[in-house]
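Note that the structure is predicted; figures quoted are calculated from it, not measured.
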Amino acid sequence: LEENFQAIREEAMATLSAEEWPMVRGQVGLTDGKGEWRELVMLGPGSERGRTLCPRTAALLDAILPAKHLADSIGACGNAIFAKLTPGTRLKPHCGPTNSRLTCHLGVEVPEGCGIRVG
């Protein structure tokens, strides 16, 4: 994915103005209602919209066979998403639905002064 960063970034940035990015379920509890957290699913259940908007990124993700296998498996314990936070959004510490996967982040556009804390 890092080798194809520019192509991924271009597709992600082209979708930012679209109303295609749904709000994350339960996000108000994680943001205290300040800001927005939206996601565009690219691999796994609910990825049809993202795959249509970003076909090059979808093809790159499909080529990572272990990730695709997990995303397509019963119970869908794997996925890939684009996430978008509005300025001033601060997420409370949280965890995913399972410890059977590793979460990785590839910053497509990270404004000055932003960061991520893990652990």
(message) Does L40 form a side chain to side chain contact (heavy atoms under 4.5 Å, CB included) with I81? I'd like the steps, not just the answer.
(response) CA-CA 6 Å; L40 185 63; I81 62 164; over 6 Å; no
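- Here ring-ring contact (aromatic ring centres under 6.0 Å, His included) pairs that include residues 33-64, with residues two or more places apart or in two chains, are W37-H94.
- Taking both residues in full, the closest heavy atoms of A71 and L43 are given as CB-CG, 3.7 Å, listed atom of the first, atom of the second, then distance.
- In this structure, G46 and V41 approach most closely via the heavy-atom pair O-CB, 3.6 Å.
- No side-chain heavy atom of K34 sits less than 4.5 Å from a side-chain heavy atom of R90.
- Across all their heavy atoms, A83 and W21 have their closest contact at C-CZ3, 3.6 Å.
- Qualifying side-chain contact (heavy atoms from CB on, under 4.5 Å) partners for A59, counting only residues two or more places apart in sequence or in other chains: none.
- Looking only at side-chain heavy atoms (C-beta outward), V108 and E11 stay at 4.5 Å or farther from each other.
- The number of heavy-atom neighbours closer than 6.0 Å to CD of E3, taken from other residues, nucleotides and ligands shown, is 12 or below.
- Each of V24, T31, L91 was checked for a side chain to side chain contact (heavy atoms under 4.5 Å, CB included) with L85, and the lone residue meeting it is L91.
- Residues that satisfy the side-chain contact (heavy atoms from CB on, under 4.5 Å) test with E36, not counting sequence neighbours, are M23, R38, T86.
- Of all heavy-atom pairs between G107 and V110, the closest is CA-CG2, 3.8 Å.
- L61 has its side chain within reach of L1: a pair of non-hydrogen atoms, C-beta onward, lies under 4.5 Å apart.
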